[in-house]
Q: 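Let me begin by handing over the structure; questions about it come next.
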Amino acid sequence: MRIFDPHIHMTSRTTDDYEAMYAAGVRAVVEPSFWLGQPRTSPASFLDYFDSLLGWEPFRAAQYGIAHHCTLALNPKEANDPRCVPVLDALPRYLVKDNVVAVGEIGYDSMTPAEDTALAAQLQLAADHGLPALVHTPHRDKLAGLRRTLDVVRESALPPERVLVDHLNETTVKEAKDSGCWLGFSVYPDTKMDEERMIAILRAYGTEQVLVNSAADWGKSDPLKTRKVGDLMLAEGFGEDEVDRVLWRNPVAFYGLSGRLNLDRAATEATHEGNSILRGAPKDDHEPAGVPKGAEEPARVPGDEGEPAGALTPEA
């Protein structure tokens, strides 16, 4: 089973998570920019964070055989903070970077006028840069938030087939599907969706343009939820091709719209700007510091054979 987690916040996770994800079949991730859990105090903190998503995190992922891309944006929660809004002026110089495959997360948190403005502005940035958009639907008043989101999308220059509407559930999936947008579902231990509810939605609405993610971050979450959904799909009678579509081909197709998706998993140099993922001296003095054992040549998983290295074109 090959897995592409299309929404996971690896900055919040440990290298143990990368190792476990690789063992579970994860070969690619997209990390959307999001808030830190405490307020940022200036646009400069965004820029350091963006730099880490473009440099350190792809390096760290590659040490474990996982391709890492990101989406960048002013997130909905911080769109309400005047100290953060000027980052919108800096975004264009980051959105041209090769590893950026969408604008996101954008959308709504509390559905304020400031969030309206930030959403519309960033949908325009996505259109201007030829990028798709990852849209966060609010955790409260979800149906009202979805409808407001779709209204803004319809008024924008970005067509719905280039928009992924995330954090959907049973109350929002039908209207999101009818809009022509891609459908994203976050599977969590206690909140959002769980595996059983996800299976019910797949039975009712099919696997077309559906993406399943773990959205794992610094809260209670599980970076292996994608694999658990795949296992339950098989146990509940879905075919291997359907699992592959949801967990691999659909994310490849959506983020491939950017023209920048590169799934080459070759390990990078032993250090990034002089820094290693290891600390201290290696146990074996003959073992080179900086690269975990086995990371140089990651094992292939069933289904990887015949998968071309390098840039992939979207698949339907």
Side-chain angles (χ1 to χ4, degrees), residues 5-18 21 28-64 66-107 109 114-115 117-119 121-122 125-126 128-129 131 133-136 166 213-219 221 223 255 258 260-262 267-279 290:
D5 192 328
H7 182 155
I8 185 169
H9 300 288
M10 291 308 300
T11 297
S12 308
R13 312 302 301 193
T14 69
T15 50
D16 289 348
D17 291 317
Y18 272 125
M21 289 161 61
V29 299
V30 165
E31 179 161 359
S33 56
F34 78 140
W35 74 298
L36 295 179
Q38 66 180 36
R40 288 182 174 94
T41 58
S42 77
S45 62
F46 280 91
L47 304 188
D48 286 339
Y49 174 50
F50 293 167
D51 287 341
S52 74
L53 294 183
L54 290 164
W56 171 250
E57 208 55 48
F59 161 79
R60 198 163 70 109
Q63 303 307 303
Y64 291 88
I66 295 175
H68 181 288
H69 296 79
C70 65
T71 76
L72 301 182
L74 170 63
N75 66 79
K77 190 174 185 69
E78 291 176 308
N80 295 294
D81 190 334
R83 297 174 299 178
C84 298
V85 172
V87 78
L88 290 172
D89 297 327
L91 269 174
R93 69 184 174 94
Y94 280 90
L95 295 180
V96 298
K97 304 291 186 180
D98 287 343
N99 221 39
V100 179
V101 292
V103 175
E105 297 176 56
I106 58 178
D109 179 58
E115 292 170 23
T117 300
L119 174 56
Q122 292 181 100
L125 283 174
D128 293 343
H129 288 81
L131 292 172
L134 171 62
V135 177
H136 167 106
D166 212 346
N213 65 73
S214 69
D217 56 20
W218 29 249
S221 50
Y255 287 115
S258 67
R260 300 177 183 173
L261 196 63
N262 187 329
T268 58
E269 298 297 323
T271 62
H272 173 70
E273 296 185 354
N275 296 311
S276 163
I277 62 173
L278 300 182
R279 291 293 177 267

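The first residue of the sequence shown is numbered 1, and numbering continues consecutively from there.
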Q: Between Phe50 and Tyr94, what is the ring plane arrangement, given parallel below 30°, perpendicular above 60°, and tilted in between?
A: perpendicular

Q: To the nearest 0.5 angstrom, please state how far the NE2 atom of His68 sits from the CG atom of Asn262.
A: 14.0 Å

Q: Tell me if the CG atom of Asp98 is crowded by more than 12 foreign heavy atoms within 6.0 Å.
A: no

Q: Start with the C-alpha gap between Met21 and Ile8, add the side-chain angles, then the distance that decides, and say whether side-chain contact (heavy atoms from CB on, under 4.5 Å) holds.
A: CA-CA 11 Å; Met21 289 161 61; Ile8 185 169; 3.8 Å; yes

Q: Testing the basics here: between Val85 and Ala79, what is the closest heavy-atom pair and its distance to 0.1 Å?
A: CG2-O, 3.5 Å

Q: Under 4.5 Å between any side-chain heavy atoms of Leu74 and Gln122, yes or no?
A: yes

Q: Donor-acceptor check, side chain of Arg260 to backbone of Val101, threshold 3.5 angstrom: yes or no?
A: no

Q: Give, for atom CZ of Phe34 and atom CG of Leu53, the distance between the pair rounded to the nearest 0.5 Å.
A: 9.5 Å

Q: Can you check whether Thr14's main-chain N or O pairs, donor with acceptor, with Asp17's side chain at less than 3.5 Å?
A: yes

Q: Any chance you could measure Ile106, atom CD1, to Asn75, atom CG, to the nearest 0.5 Å?
A: 11.0 Å

Q: Quick one: does Thr71's side chain have a donor or acceptor within less than 3.5 Å of a partner on Val100's backbone?
A: no

Q: Using 0.5 Å steps for rounding, measure from the OG atom of Ser42 to the CG atom of Leu47.
A: 8.0 Å

Q: Below 4.5 Å, heavy atoms only, C-beta onward: do Pro76 and Leu119 meet side chain to side chain?
A: no

Q: Does the side chain of Asp166 come under 3.5 Å of the side chain of Asn213 through a donor N or O and an acceptor N or O?
A: yes

Q: Whether the side chain of Arg40 engages the backbone of Arg83 through a donor-acceptor N/O pair (distance < 3.5 Å, no angle test) should be reported.
A: no

Q: Hey, does the side chain of Glu31 reach the backbone of Thr11 with a donor-acceptor pair shorter than 3.5 angstrom?
A: yes

Q: Between Tyr49 (side chain) and Trp35 (backbone), is there a donor-acceptor pair under 3.5 Å?
A: no

Q: Can you classify the ring geometry of His7 versus His9 as parallel (below 30°), tilted (30 to 60°) or perpendicular (above 60°)?
A: perpendicular

Q: Give, for atom CG of Leu72 and atom CG of Leu125, the distance between the pair rounded to the nearest 0.5 Å.
A: 11.5 Å

Q: Between Ser33 and Ala73, what is the shortest heavy-atom contact and its length?
A: OG-N, 3.0 Å

Q: Return yes if some donor-acceptor pair links the side-chain N/O of Tyr255 with the main-chain N/O of Leu261 below 3.5 Å, else return no.
A: no

Q: Measure from the side-chain N and O atoms of Ser258 to the backbone N and O of Ala102, and report whether any donor-acceptor pair falls under 3.5 Å.
A: no

Q: At what distance, to the nearest 0.5 angstrom, does CG of Leu95 lie from CZ of Arg93?
A: 11.0 Å

Q: Please examine the side chains of Arg13 and Pro223, heavy atoms only from C-beta on, and report whether any two atoms are closer than 4.5 Å.
A: yes

